[in-house]
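Computation of the quantities below employed the complete heavy-atom set of this structure, encompassing side-chain atoms and omitting hydrogens, waters and symmetry-equivalent molecules.
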Amino acid sequence: MLNLNSVMIGTKQTKVLAAFYEKVLGKPAEMVDVVHGFYGWQVGATYFSILDHSEMVGRAKDPGRVILNFETQQVKEEFERFKSPGMYSNQRTLRHGGGWISTLADPDGITFN
């Protein structure tokens, strides 16, 4: 059986995305290598990281190809938090099954819920 241990996002905007995900996750990156453009956080059982990737320029061409899902009991409150300066709440919160889901985008256009 496989265990997903990390998710990496390649970008040319490492500092912009690192600042964005610091706000999303509510904490600074636990691992930082500015010289090599790497920022990483432990998020639950998975390691999440941003890294400099020479071929990833501009916004995501298919922002929904990979969707990051973060779990919280405070969906509406977290959605409202993303309306603060520097955050993106350019989509919506809607009822889905027995709960709520918010769909948002990061500065590279990558979708996350």
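Closest approach of Leu51 and Thr14 over heavy atoms only: C-CG2, 3.6 Å. A pairwise comparison of heavy atoms in Lys12 and Asp52 identifies NZ-OD1, 3.0 Å as the closest pair. Of all heavy-atom pairs between Trp41 and Ala18, the closest is CZ2-O, 3.7 Å.
A donor-acceptor pair is defined here as one N or O able to donate and one able to accept, closer than 3.5 Å; no such pair exists between the side chain of Gln42 and the backbone of Glu30. Between the side chain of Glu22 and the backbone N or O of Val24 there is no donor-acceptor pair closer than 3.5 Å.
In this structure, the side chains of Gln13 and Phe20 stay at 4.5 Å or more apart for every pair of heavy atoms. Contact of the Tyr39 side chain with the Ile9 side chain is not registered, since no non-hydrogen atoms from C-beta on lie closer than 4.5 Å. Looking at heavy atoms from C-beta onward, Thr11 lies out of side-chain contact with His53 at the 4.5 angstrom threshold. Between Thr46 and Val43 there is no side-chain heavy-atom pair separated by less than 4.5 Å.
Note: Tyr21 and Phe48 have perpendicular aromatic rings, judged against thresholds of 30 and 60 degrees for the angle between ring planes.
At a threshold of 4.5 Å between side-chain heavy atoms, the hydrophobic network of Ile, Leu, Val, Met, Phe, Trp and Tyr places Leu17 and Val34 in one connected group.
Heavy atoms from other residues, nucleotides or ligands lying under 6.0 Å from CD of Gln73 number 12 at most. Atom NZ of Lys15 has 12 or fewer heavy atoms from other residues, nucleotides or ligands within 6.0 Å.
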